[in-house]
Amino acid sequence: MSPDNELPESTDTVIVGAGVVGCSVAYHLAAVSDEDVTVVDMGEIDAPGGSTVHAPGGLVETSGSKVMSGFAQYSRELYTDLDAYRSDGLLEIATTEDRLQQAKRLYDYSQSWGVPGGELLTPEETRELVPLLNDEEILGSYYSPTSGLIRSVELLAAMREKAGRRGATFHGHTQVTDIDLDGSTVTAVETDRGRIETDRVLVATNVWAPLFGRMVGVNIPLMPCEHQYAITESLAELEGTENEVEYAGFRQQEASLYFRQHGEGYGIGSYNHEPLLLAPDDLSDYENAPEDIPVYDYFVGRESTRDPIKMTANREFTPEHFEAPMEDARRLMPALEDVGIEKAFNGVFSFTPDGMPILGPPDDVDGFWVATGVWLTHAGGVGKAMAEWMTTGYPRQNLVPCDVNRFQDHAGSPQFTYDRAAYSYDTVYDLVHPRQLPDVNQSLRTGPFYERQSDLGGEFAAAAGWERPRWYNSNASLLGEYDVADRSGWEARHWSPIEGAEHQAVRDRVGLFDLSGFTNIDVTGPEAAEFLQYLCTNDVDVAVGRATYTLMCSERGGILGDMTVLREADDQFQIFGNSGAAGTEQLAWIDDQAGGFDVHVTAPIAGRCAVGVWGHEARNLLDPLVPADLGNDEFPYFTAQDTYVREVPVTAIRVSYVGELGWELHTTTDYGRKLWDTLWEAGQEHGLVPMGDGALNTMRLEKGYPLYGGDITPEFDPYEANLGFTVDLDTEFVGREALIEARDNRERKRTLMTLDEPESVVFTGVPILTDDEVVSYAASAEYGHSVDSGIVSGYLPVEYTDPGTALEVQYENERYPVTVRESPLFDPDRGRLLR
Ligand SMILES: Cc1cc2nc3c(=O)[nH]c(=O)nc-3n(C[C@H](O)[C@H](O)[C@H](O)COP(=O)(O)OP(=O)(O)OC[C@H]3O[C@@H](n4cnc5c(N)ncnc54)[C@H](O)[C@@H]3O)c2cc1C
């Protein structure tokens, strides 16, 4: 295989970028399909000069994110097989009490996600692994023995070689200048060495990716960011060392630092300075790029045997940004005291608005795929997922947090991308609480109720840009009426007991919930019913005025969304789906599936608003305001009617996500304020309470209702999720074949458990265990204020799903007994819903 061999005139897939991501996708694509795969890069193919060849190569397997940990674990196995990896281990050093607790949570995650061999170490045990650490600073650590170091240039060579043997070709010194479209379909890739016809291009160009988005009119919101790494001179304590690495790597995240050994010296990477972001246009071109040697196997105390190579993703090192980090490093490792820097380095890599990769086919252009914002650590797993996605459809993996279609329209704005990338950089090693949200770009999207909600002391948190109250401070007085189990520590942060009081008050009286940020999609046209039957697992071809709860699945049977489909006319339906990013991804999927049907799919979310009126008193509140008969027989559960709330036209749907009698009232935003005010005024005599997302979540959990993105994801099928009732195998729909198989082969089941200890609460993601074995993890966890106990929902192997089975969960390295329960925990005969 010659690196610069002749370009083909046409090929099945062009991959742009021969860094670790492009090579990994090519390697996996060549393994799973017979298609022609052509990889092009503007750099030298052996060492293309992007971020991949800059990295010191650290691979860390444990994280709070299951998908990221899964990518890292697969990468570690692959890179080991390809002989480009060494497991020297990695320590997460705790130098504060807060970080010590975090180390315990990392240990919990390692158990949940199956990271091998994770341990919590004492200061003494930590120093046994790295004797140069200052014992006065260390409180303990989390240790992952299989984390380690990647040799990137060797890794690229091994992937190219294996992919090449299966027919993939690689072409260096080939700069892509444009992508040709026919309408919105890719037809060819233009390069400075000729044109390649193709109907599929995958952009794996890292910091250059936004430029490719521009070529086809797609927004790829990421920012190139400078990142400094310095290797010290020889430490007296390491003089004469034989091995490049003898001690485990470590991170002191409190100080935003990571460390690895380089022979007699130490490499130190720092995130401890202001974000140094660049525009993608300001990056160096290949010809003018400086030359340097890759640092991942740099050995202080020996001559480098490597030749310098061009480094395109490179900037000048700025010593002023390394002074404070060096001080911190010396405090942790006193042996660095009188040691200077031998080699300083400033590479550029990507930061995305939410710190996650950007993967998949953007909705707007057929044949255009993206895999960017990916670290070396995750590239093996990402390559596998992308190859599966490109050849056999959406993988049975939860790629929802990485999906290119998760971004809202405002993510196209340079200001938003800049602010969020800077925030991602600033918090990259921070202790970020699961409920903590960025403190930038606030108040972006507000509905017609916002002013009223602010007046009521709404404690807002943005979801997909929408300001949504978590709770209302005006409800503080409810705490005199309702007991709410107190919390301390991590689980008390970004939380208020008011959430628990709102929960109980809604069950007793009636609540008003803002549904405006939830996805609302119109499907109209002569083939609307036919299309939705094809899209949905349930039979949605029902009488006008009826609503159906359904799922949509991938070809492999993984759940891609749950939603309510309302038939408004023979050829007119509305889909009420999930909120936030999931809603945007689902719209993209629905749009994509609609090709070939005579239908219109539109999402007029911004023009619509809605409230939920739920609770014991819902009918009494609405009866005098609504001309429609709200009786149980006249307005049955899961039906809808066009009616009015006084003079406001609404579509009223009798559904509720909290398990109470009630209606969703949908209207247009111009009527929104009047709708709120009318309900608010009339609601006073019924004890109406505004309720936030916190109460919604705890109420739906004790009812066993799943939350998309946690309880149900593409990783699970409807039968495992205990949602078999939404599958009608008498209809033909996407994923039916896979579900026929899944129905008879269920090995795990979504199950509810309660914590045995009163008033205890744990978090999503904690491991579920028998005495000596991890059997699952918490897909959702919170407190059920009506059942008065902590609740965990998780996918258990079927042998553990009998009610009464005793198991445990582990939170901050402490075990809590749990008991498997019949689902739902609250109102199992649905008496409250159907009254
Ligand atoms: C200093 C530093 C330290 C890091 N440390 C670590 C670490 O310890 N662990 C870790 O996991 N990650 C680390 N990273 C991040 C990691 O290196 C990157 O995220 C990863 O290598 C990105 O891989 P990639 O294949 O997407 O991009 P790249 O390797 O940048 O490849 C993109 C390729 O696209 C090509 N290209 C661009 N435009 C064109 C065009 N028009 N035509 C043709 N080709 C084009 C480029 O030539 C380049 O080769 C570090 C990064 C830096 C900068």
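Only heavy atoms go into these numbers, but all of them, side chains included; no hydrogens, no water, no symmetry mates. Both ligands and their constituent atoms are indexed starting at 1 by order of listing. Along the sequence shown, the residues carry numbers beginning at 1. Keep in mind it's a predicted model, so treat the numbers as computed, not measured.
Between W389 and Q397 the shortest side-chain heavy-atom distance does not fall below 4.5 Å. Looking at Y429 and Q252, their side chains never come closer than 4.5 Å, going by heavy atoms from C-beta outward.
Not less than 6.0 angstrom separates the ring centroid of H273 from the ring centroid of F317.
Within 4.0 Å of ligand 1, protein heavy atoms come from V16, G17, G19, V20, V21, D41, M42, P48, G50, S51, T52, A55, P56, G57, G58, T174, Q175, V176, A204, T205, N206, W208, F212, H227, Y258, G347, V348, F349, V374, W375, L376, T377.
Among residues two or more places apart in sequence or in another chain, the salt bridge (charged side-chain N to carboxylate O under 4.0 Å, His left out) test is passed with E226 by R315. Not counting sequence neighbours, Y298 has no partner by the ring pair (Phe, Tyr, Trp, His ring centres under 6.0 Å) test.
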Between side-chain atoms of residues 351-365 and protein atoms elsewhere (two or more places apart, or another chain), which donor-acceptor pairs fall under 3.5 Å?
{"residue": "T352", "atom": "OG1", "partner": "G355", "partner atom": "N", "Å": "3.1"}
{"residue": "T352", "atom": "OG1", "partner": "M356", "partner atom": "N", "Å": "3.0"}
{"residue": "T352", "atom": "OG1", "partner": "M356", "partner atom": "O", "Å": "2.7"}
{"residue": "D354", "atom": "OD1", "partner": "M356", "partner atom": "N", "Å": "3.2"}
{"residue": "D354", "atom": "OD1", "partner": "R406", "partner atom": "NH2", "Å": "2.9"}
{"residue": "D354", "atom": "OD2", "partner": "R406", "partner atom": "NE", "Å": "2.7"}
{"residue": "D354", "atom": "OD2", "partner": "R406", "partner atom": "NH2", "Å": "3.4"}

